[in-house]
Trainee: 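Handing you this structure, nothing more for now.
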Amino acid sequence: MKKRIMVVGPSQSGKSALTNVLNDAVRPLKKTQDVIYGKNTIDTPGSYIENASMYKYLIATAQAASHVVMLVDQSRLAEVYPPGFAKLFTCPVIGVVTKIDLAPEKAALCIGQLKRTGICEPYFRICLQDNTGVEALKAYLLGKQETPEKS
């Protein structure tokens, strides 16, 4: 079974737009009600992180993931992740700040939220409107899809 990149974040944080970029696809952007498996990604509903009773579904879905990408929306900063939440996952967790073109004064608060969630650097800051930072994130994530053989 191919491992995919699971994208997690609150509603309207850019999850589906980012999965389109990572899959080189153009799926219509609408509220995701179900987990959607793409070529390289697993797009999760915002309600899974916004409702603590749904955390178990995120943890179970992550079993099919090579990485978990947790999004923080710089334009609508909300503490949706409990402290240390990233430590629940067995695969690497990557922190991504979206919509960096909006509310630049909140940049440090976003990084602080990623740190409290238990995510270590590097952090990626992206804007899907003009693709700022997107290529670096794609190279980091998709370049790590192949597991190197141990010598």
Trainee: For V7, does its backbone N or O pair with a side-chain atom of T44 as donor and acceptor, under 3.5 Å?
Mentor: yes
Trainee: I need the minimum non-hydrogen distance between V68 and A62, along with the two atoms involved.
Mentor: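 Between these two residues, the closest heavy atoms are CG2-CB, 4.1 Å.
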Trainee: Mind checking the CG-SG spacing from L71 to C110? Nearest 0.5 Å is all I need.
Mentor: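 Answer for the CG-SG pair, L71 versus C110, is 11.0 Å.
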Trainee: Name all residues meeting the side-chain contact (heavy atoms from CB on, under 4.5 Å) criterion together with P82; count only those two or more places apart in sequence or in a different chain, and write none if there are none.
Mentor: Y55, F85
Trainee: Search all heavy atoms of L58 against all heavy atoms of F89 and return the closest pair with its distance.
Mentor: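 Taking every non-hydrogen atom into account, O-CE2, 3.8 Å.
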Trainee: Can you name the nearest heavy-atom pair linking V134 to C127, along with the distance?
Mentor: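 That closest heavy-atom pairing would be CG2-O, 4.0 Å.
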Trainee: For V35 and M6, run side-chain contact (heavy atoms from CB on, under 4.5 Å): C-alpha distance rounded to whole Å, both residues' side-chain angles, the deciding distance at 0.1 Å, then the answer.
Mentor: CA-CA 10 Å; V35 174; M6 186 169 93; over 6 Å; no
Trainee: Side-chain atoms of residues 92-100: list all donor-acceptor pairs with protein atoms under 3.5 Å, sequence neighbours left out, distances to 0.1 Å.
Mentor:
unit_1 : atom_1 : unit_2 : atom_2 : d
T98    : OG1    : S13    : O      : 2.8
T98    : OG1    : V72    : O      : 3.4
K99    : NZ     : Q12    : O      : 2.5
K99    : NZ     : D73    : OD2    : 3.2

Trainee: Could you give the distance from CD1 (I119) to NZ (K87), rounded to the nearest 0.5 Å?
Mentor: 9.0 Å
Trainee: Test: side-chain hydrogen bond (donor to acceptor under 3.5 Å, both in side chains). Region: residues 126-138. Which pairs qualify, not counting sequence neighbours?
Mentor: D24-K138, D130-T132
Trainee: Return the minimal non-hydrogen interatomic distance between S11 and S47, and the atom names on each side.
Mentor: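 The answer is OG-N, 4.5 Å.
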Trainee: L109 and M70: same hydrophobic cluster, using ILVMFWY side-chain contacts below 4.5 Å?
Mentor: yes
Trainee: Is the shortest side-chain heavy-atom distance between I5 and S66 below 4.5 Å?
Mentor: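 Yes. Closest side-chain heavy atoms under 4.5 Å.
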Trainee: Listing request: all salt bridge (Lys or Arg N to Asp or Glu O under 4.0 Å) pairs with a residue in residues 105-128, at least two apart in sequence or in separate chains.
Mentor: E79-R116
Trainee: Passes side-chain contact (heavy atoms from CB on, under 4.5 Å), N40 versus L141? Steps please.
Mentor: CA-CA 10 Å; N40 298 314; L141 291 171; over 6 Å; no
Trainee: Rounded to the nearest 0.5 Å, what separates atom CG in N23 from atom CD1 in I36?
Mentor: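 With rounding to 0.5 Å, CG (N23) is 10.5 Å from CD1 (I36).
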Trainee: Find the distance between CG (L77) and CG (L102) and round it off to the nearest 0.5 Å.
Mentor: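 L77 CG to L102 CG: 12.5 Å, rounded to 0.5 Å.
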Trainee: Tell me, which pairs form a ring-ring contact (aromatic ring centres under 6.0 Å, His included) where one or both residues lie in residues 101-133, sequence neighbours left out?
Mentor: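 Those involving residues 101-133 are F124-Y140.
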Trainee: Only counting residues at least two apart or in another chain, list the ones meeting ring pair (Phe, Tyr, Trp, His ring centres under 6.0 Å) with Y57.
Mentor: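 By the ring pair (Phe, Tyr, Trp, His ring centres under 6.0 Å) rule, Y57 matches Y48.
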Trainee: How far does OG1 of T19 sit from CZ of R4, to the nearest 0.5 angstrom?
Mentor: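 It is 12.0 Å, given to the nearest 0.5 Å.
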Trainee: Nearest 0.5 Å, please: how far is CG in L137 from CG in L22?
Mentor: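 It is 6.0 Å, given to the nearest 0.5 Å.
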